[in-house]
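Some notes on the structure that comes next.
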Amino acid sequence: MDAISVIRAKRDAQELTPEQIDWVVDAYTRGEVAHEQMSALAMAIYLNGMSRVEVARWTAAMIASGERMDFAALGVPTADKHSTGGVGDKITLPLAPLVAACGAAVPQLSGRGLGHTGGTLDKLEAIPGWRASLSNERMMGVLRDVGSVICAAGDGLAPADKRLYALRDVTGTVESIPLIASSIMSKKIAEGTGSLVLDVKVGSGAFMKSLDQARELASTMVELGTDHGLRTVALLTDMSTPLGNTAGNALEVREAVEVLAGGGPADVVELTLALAREMLDAAGLPDADPAKALADGSAMDHWRRMITAQGGDPDAALPVAREQHVVHAAADGLLAALDAYAVGLAAWRLGAGRARQGEAVQAGAGVELHAKPGERVTKGQPLLTLHTDTPEKLPYALEALDGGVLITPPETEYRTTPIVLERVG
Ligand code: URA
């Protein structure tokens with residue numbers, strides 16, 4: 001077997017054989033297939049797709065590239081959530097301690113930013129002292145003591161995905177249904193959670209731009225999970241505009257803490273509660289009341305213990321970027337659209353995401369929203385604040401926002417899009 005014949009087969013839109021898939025995933029994990037060869041194969045998969053049979057085999061090969069974990073010893077039901085990636089998507093931060101406060105254990109293995117979307121680990125690393133990397137023993141310890149843990153997957157878990165995920169981020173091969181489905185499900189199945197709720201984002205700020213694509217991704221993942229005995233459901237949720245009022249690492253942590261304190265933006269609270277109810281249902285705890293756990297402070301208590309257990313100081317001041325730049329409304333009217341992709345790209349260009357593998361992100365960089373679609377605005381009022389440590393990038397970030405802000409005459413009718421669009425599973 002050799003990499004060139006596998007690349008050629010997929011380049012020519014052929015179905016890869018199980019042997020080709022097993023070999024190429026294993027050889028890439030061992031370093032025998034070079035990054036440039038896997039880049040070419042990923043691009044061929046991006047362009048020509050994969051059948052459900054190929055995706056299932058590719059996922060199984062990624063699972064087999066490493067170890068599998070098992071939480072049976074905890075003696076409580078486990079539930080996890082995974083988002084396909086969005087702008088301002090800080091939901092994991094309040095959700096994990098909230099579900100733990102309701103009685104399920106949440107082993108939340110999370111990732112870093114991918115393309116214009118933020119990553120949970122990059123966000124939490126804005127908290128002074130907080131560590132993403134834990135040994136398996138330490139992860140189990142935090143889970144046992146606190147009930148939830150958010151950390152990087154250990155080196156042993158789906159190492160094929162670790163290499164491929166970082167490669168896709170810098171080769172324009174993220175937005176592919178087979179690659180996203182296999183990436184997410186290999187980690188979740190290897191992780192050993194008892195149930196899984198997928199948040200499949202739809203819209204300009206998501207990798208899936210249309211409802212049809214999102215349905216296809218959701219059903220592929222639900223099928224993969226079910227075939228491996230993992231209770232899996234998916235919510236399709238709106239990502240045409242950023243979630244909440246912030247996109248960027250420390251900015252989003254601040255907003256997540258507001259939600260845990262019983263406040264925060266209505267859309268973030270609504271989606272956090274919707275996902276919490278699905279997780280608790282899937283974990284066999286349908287009578288738990290997540291709204292009560294937010295209101296009575298028990299979710300906040302779990303958050304503080306979880307952050308502390310991972311070396312973080314929940315009371316420490318969060319980093320603030322060196323420079324701020326305010327974007328004002330250009331006219332009186334109705335804010336008809338604030339495009340999620342434009343905001344995500346601007347946040348990324350301000351330094352919240354990375355352009356090269358392994359690059360550091362700026363904790364304070366990002367975009368703050370002062371108005372949301374559907375609100376009336378007046379000419380000159382602040383609409384956005386851009387935060388960055390590298391002000392020379394501001395023109396580049398402002399360019400990303402070109403055409404992303406739409407103000408229509410004040411009398412224009414506005415139709416609200418629901419956050420949760422559909423459920424699959
Ligand atoms: N999240 C993942 O883990 N992988 C992807 O490919 C996209 C989102």
Side-chain angles (χ1 to χ4, degrees), residues 69-84 89-110 120 139-140 142-151 184-185 187-189 191-201 218 221-222 225-226 228-237 243 256-257 259-262 264 266-307 418-425:
M69 299 179 75
D70 182 0
F71 299 114
L74 288 174
V76 280
T78 47
D80 195 359
K81 183 276 310 194
H82 197 90
S83 156
T84 55
D89 183 5
K90 68 277 299 167
I91 300 290
T92 295
L93 277 58
L95 182 65
L98 171 61
V99 172
C102 294
V106 186
Q108 182 76 56
L109 298 184
S110 295
T120 298
M139 178 193 174
M140 280 300 254
V142 178
L143 202 48
R144 199 175 303 108
D145 297 344
V146 180
S148 60
V149 61
I150 303 176
C151 61
I184 293 176
M185 295 310 292
K187 284 178 290 213
K188 296 296 150 179
I189 294 164
E191 168 197 290
T193 180
S195 54
L196 175 65
V197 177
L198 297 160
D199 181 3
V200 178
K201 302 282 183 205
M221 292 195 289
V222 169
T226 310
H228 283 86
L230 171 58
R231 261 193 313 281
T232 310
V233 296
L235 295 185
L236 307 193
T237 70
L243 255 177
V257 173
V259 171
L260 286 159
D267 56 349
V268 179
V269 175
E270 181 185 338
L271 186 53
T272 303
L273 288 174
L275 289 165
R277 290 191 185 104
E278 290 287 350
M279 288 170 76
L280 291 162
D281 233 25
L285 299 166
D287 298 329
D289 184 355
K292 180 168 172 287
L294 268 191
D296 69 12
S298 52
M300 175 66 101
D301 179 50
H302 275 77
W303 160 264
R304 294 178 61 81
R305 285 165 49 213
M306 179 180 80
I307 295 301
I419 300 283
V420 178
L421 302 168
E422 278 179 31
R423 183 179 188 280
V424 177

**Asked** Nearest 0.5 Å, what's the CD1-CG distance between I91 and L271?
**Response** 4.0 Å
**Item:** Euclidean distance, I189 CD1 relative to I184 CD1, rounded to 0.5 Å
**Value:** 11.5 Å
**Asked** For P97, does its backbone N or O pair with a side-chain atom of R305 as donor and acceptor, under 3.5 Å?
**Response** no
**Request:** Provide the closest heavy-atom pair for A293 versus A101 in the form atom of the first, atom of the second, distance.
**Result:** CB-CB, 4.2 Å
**Asked** Under the criterion side chain to side chain donor-acceptor pair (under 3.5 Å), which of T120, D199, D89 is the partner of S83?
**Response** D89
**Message:** For T193 and K188, which I'm curious about, is there any donor-acceptor pair between the side chains at under 3.5 Å?
**Reply:** no
**Request:** With rounding to the nearest 0.5 Å, note down the distance linking CG in L198 to CD in E278.
**Result:** 11.0 Å
**Request:** Would you check if M185 and L230 make a side-chain contact, meaning some heavy-atom pair closer than 4.5 Å?
**Result:** yes
**Request:** Could you tell me the separation between the CG atom of L275 and the CG atom of L280, rounded to the nearest 0.5 Å?
**Result:** 11.0 Å
**Item:** Listed partners of A256 passing side chain to side chain contact (heavy atoms under 4.5 Å, CB included), at least two apart
**Value:** K90, L93, P94
**Item:** Rounded distance (nearest 0.5 Å) linking atom OG1 of T226 with atom CZ of R231
**Value:** 10.5 Å
**Asked** Below 4.5 Å, heavy atoms only, C-beta onward: do T92 and H82 meet side chain to side chain?
**Response** no
**Message:** Evaluate M139 against L109 for side chain to side chain contact (heavy atoms under 4.5 Å, CB included), listing each step before the verdict.
**Reply:** CA-CA 10 Å; M139 178 193 174; L109 298 184; 3.6 Å; yes
**Prompt:** Shortest non-hydrogen contact from F71 to E191?
**Reply:** CE1-O, 3.0 Å
**Item:** 4.5 Å side-chain heavy-atom contact, R144 and L74
**Value:** yes
**Prompt:** Which heavy atom of G192 sits nearest a heavy atom of T78, and at what distance?
**Reply:** O-OG1, 4.5 Å
**Prompt:** Any donor-acceptor pair under 3.5 Å linking the side chain of T232 with the backbone of L196?
**Reply:** no
**Asked** From D80 CG over to S195 OG, what is the distance, rounded to the nearest 0.5 angstrom?
**Response** 8.5 Å
**Message:** Any heavy-atom pair between the side chains of L294 and L273 that's under 4.5 Å?
**Reply:** yes
**Request:** Search all heavy atoms of L235 against all heavy atoms of R423 and return the closest pair with its distance.
**Result:** CD2-CG, 3.8 Å
**Asked** Is any side-chain heavy atom of L95 less than 4.5 Å from a side-chain heavy atom of Q108?
**Response** no
**Asked** So, are R277 and D281 salt-bridged, with charged N and O less than 4.0 Å apart?
**Response** no
**Prompt:** Looking only at heavy atoms, which two atoms of A96 and V106 are closest? And how far apart?
**Reply:** O-CG2, 3.6 Å
**Over all atoms of both residues, closest heavy-atom pair of V76 and A105** = CG2-CB, 3.7 Å
